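The block underneath contains the structure these notes are about, expressed in structure tokens.
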Amino acid sequence: MTAQTDSLLRFLLPAAGVRGVHVHLDASWQEILSHGSYPPAAAELLGEACVASALFTGHTKVDGRLSIQLRSSSPLRALFAECTAAGTLRGIVQLADEGDAPRDLTTLGDDAVLAVTIENPGLDPREPQRYQSLVGLGAAALDEAFEDYFRQSEQLPTRLLLASDGTRAAGLLLQKLPGDEGDSDGWTRASALFETLGKQELLDVAGDTLLLRLFHEEQAELLGERELRFACSCSRERVEAMLQSLGEDEARAAAEPTGAVEIRCEFCGREYHFPLTEFDILFHDAAVPVPAPERLQ
């Protein structure tokens, strides 16, 4: 097994007219897992979603953050994974009591929604530009659902493989370049080589070695690599802004039983303590609030 780092690697198969992105997560994936207690299928799906969010930042221009969110009324209540332009990752799964995520996403039900959201800075930092696309759930696996999405939304042949276990997560994305770039059977060759790749090999082998092994005859060109790491955007100021958005009456009602509001970030486990004695300052002497943190709806 080859030594790994948490990284995103962009590459090109020039003769075939194909571009690609490879992602491997090690320490960052273990950090995300450490903040939750997930059954096997949910953990696997979360790892795949975290990898996909990173892959897509290497495929699409993202100046802020890109998130993948799945909601349903099944035991898998919500799945959220996010990667920023700075290469930071976070993610969570919300499950019904004693439930687990299904292995077949088509069983989630008619109300299930899978969305990809890009949030880039706007002229006003308090009002970012948001672009959201809905992904159909006509495929059993997450990577197959995203393959269908790219084919339909960008009308370009796309291959995607996602894999995760208890210690690592990885993914590979291939897409035909638009127009007539590449020779006539370039995509066919690249796709056939992609088909030889299994999930275990994807997890075990480092990106540059994997590309050399798969595409040595295509002479893959490496376009750039960047590190990935776990980080959470929560802060006391952002939690204060969330409480202010709830309103003083609701916040006081929540604090009455214990004399304080205790809030724990689901992404990183950090705890925030707001005693009733600080509410006058919080609600009447507060500075201009920062945007409230994103929450699963």
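All values reported here derive from a predicted model rather than from experimental measurement.
- How far CG of Leu12 is from CD of Glu218: 10.5 Å, rounded to the nearest 0.5 Å.
- Clustering ILVMFWY residues whenever any of their side-chain heavy atoms sit less than 4.5 angstrom apart, transitively, puts Leu13 in the very cluster that holds Leu222.
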Check your understanding: Where do Leu160 and Leu55 land on the side chain to side chain contact (heavy atoms under 4.5 Å, CB included) test, with the steps shown first?
Key -> CA-CA 10 Å; Leu160 180 64; Leu55 281 171; 3.5 Å; yes
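- With Arg77 contributing its side chain and Ser73 its backbone, the two residues share a donor-acceptor pair below 3.5 Å.
- With Phe274 as the aromatic partner, Arg236 meets the cation-pi criteria of under 6.0 angstrom to the ring centre and within 45 degrees of the ring axis.
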Determine all donor-acceptor pairs shorter than 3.5 Å in which one atom belongs to a side chain in residues 223-230; sequence neighbours excluded.
from	atom 1	to	atom 2	distance (Å)
Glu225	OE2	Ser7	OG	3.1
Arg226	NH1	Ala85	O	3.4
Arg226	NH2	Thr57	OG1	2.8

Practice item. Could you please spell out the steps behind the side chain to side chain contact (heavy atoms under 4.5 Å, CB included) verdict for Glu266 and Gln94? Key: CA-CA 10 Å; Glu266 294 178 301; Gln94 293 178 340; 3.3 Å; yes
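- Looking only at side-chain heavy atoms (C-beta outward), Arg168 and Asp204 come within less than 4.5 Å of each other.
- A 6.0 Å sphere centred on CG of Asp249 holds no more than 12 heavy atoms belonging to other residues, nucleotides or ligands.
- Every residue was checked against the side-chain hydrogen bond (donor to acceptor under 3.5 Å, both in side chains) condition with Asp97, not counting sequence neighbours, and none meets it.
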Using residues 171-178 as the side-chain source, report each donor-acceptor pair under 3.5 Å to any protein atom, sequence neighbours left out, with the distance given to one decimal.
from	atom 1	to	atom 2	distance (Å)
Gln175	OE1	Arg19	NE	3.3
Gln175	OE1	Arg19	NH2	2.6
Gln175	NE2	Glu154	OE1	3.1
Gln175	NE2	Thr158	OG1	2.9
Lys176	NZ	Gly179	O	3.4

Exercise for review: List the steps and the verdict of side chain to side chain contact (heavy atoms under 4.5 Å, CB included) for Asp6 and Leu89.
Suggested key: CA-CA 11 Å; Asp6 292 52; Leu89 291 153; 5.9 Å; no
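- Side-chain atoms of Glu119 do not come within 3.5 Å of backbone N or O of Gly64 as any donor-acceptor pair.
- Residues passing the ring pair (Phe, Tyr, Trp, His ring centres under 6.0 Å) test with Tyr38, sequence neighbours excluded: none.
- Between Asp111 and Arg71 there is no salt bridge, since no side-chain nitrogen of the basic residue lies less than 4.0 Å from a carboxylate oxygen of the acidic one.
- For Glu262, the CD atom is densely surrounded, since the number of other residues' heavy atoms within 6.0 Å is greater than 12.
- Hydrophobic cluster membership is shared by Leu246 and Leu282, with clusters built from Ile, Leu, Val, Met, Phe, Trp and Tyr side chains linked at under 4.5 angstrom.
- In this structure, the side chains of Leu211 and Leu9 come closer than 4.5 Å at one or more pairs of heavy atoms.
- Counting only residues at least two apart or in different chains, salt bridge (charged side-chain N to carboxylate O under 4.0 Å, His left out) contacts with residues 35-56 comprise Glu44-Arg103, Glu48-Lys199.
- The ring-ring contact (aromatic ring centres under 6.0 Å, His included) pairs that include a residue from residues 159-204 number zero, where partners must be two or more places apart or lie in different chains.
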Compile the donor-acceptor pairs under 3.5 Å between side chains in residues 128-136 and protein atoms, sequence neighbours left out, one pair per line.
from	atom 1	to	atom 2	distance (Å)
Gln129	OE1	Tyr131	OH	3.4
Gln132	NE2	Thr117	OG1	2.8
Ser133	OG	Tyr149	OH	3.2

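- Between the side chain of Arg90 and the main chain of Cys268, no donor-acceptor pair closer than 3.5 Å is present.
- Within the 3.5 Å criterion, the main-chain N or O of Ala42 finds a donor-acceptor partner in the side chain of Asp100.
- In this structure, Gln155 has no side-chain hydrogen bond (donor to acceptor under 3.5 Å, both in side chains) partners at least two apart in sequence or on a different chain.
- Each salt bridge (charged side-chain N to carboxylate O under 4.0 Å, His left out) pair with one or both residues in residues 31-40, not counting sequence neighbours, would appear here, but there are none.
- Side-chain contact of Asp148 with Gln152: a donor-acceptor pair under 3.5 Å is absent, judged by distance alone.
- Residue Phe56 is tested with Ile68, Ile118, Val62 for a side chain to side chain contact (heavy atoms under 4.5 Å, CB included); the sole match is Ile68.
- Under a 3.5 Å cut-off, the side chain of Thr196 and the backbone N or O of Leu193 do form a donor-acceptor pair.
- To the nearest 0.5 angstrom, Glu82 atom CD is 10.0 Å from Ile32 atom CD1.
- Arg213 and Glu201 are joined by a salt bridge, as a carboxylate oxygen and a charged side-chain nitrogen come within less than 4.0 angstrom of each other.
- The CD atom of Glu217 sits 11.0 Å away from atom CG of Leu212, with the distance rounded to the nearest 0.5 Å.
- Residues passing the salt bridge (Lys or Arg N to Asp or Glu O under 4.0 Å) test with Glu248, sequence neighbours excluded: Arg252.
- Judged as a salt bridge (Lys or Arg N to Asp or Glu O under 4.0 Å), and not counting sequence neighbours, Glu271 has no contacts.
- For the atom pair CG (Leu46) and CG (Leu79), the distance works out to 6.0 Å, reported to the nearest 0.5 Å.
- Side-chain contact between Pro39 and Leu95 is present, with at least one heavy-atom pair separated by less than 4.5 Å.
- The list of salt bridge (charged side-chain N to carboxylate O under 4.0 Å, His left out) pairs with a residue in residues 53-63, not counting sequence neighbours, reads Lys61-Asp63.
- Although no hydrogens or angles enter the test, the distance criterion places a donor-acceptor pair under 3.5 Å between the side chain of Gln30 and the main chain of Thr167.
- For the pair Ser191 and Arg159, the tightest heavy-atom approach, listed with the atom from each and the gap, is OG-NH1, 3.2 Å.
- In this structure, Trp29 contributes its side chain and Asp165 its backbone to a donor-acceptor pair below 3.5 Å.
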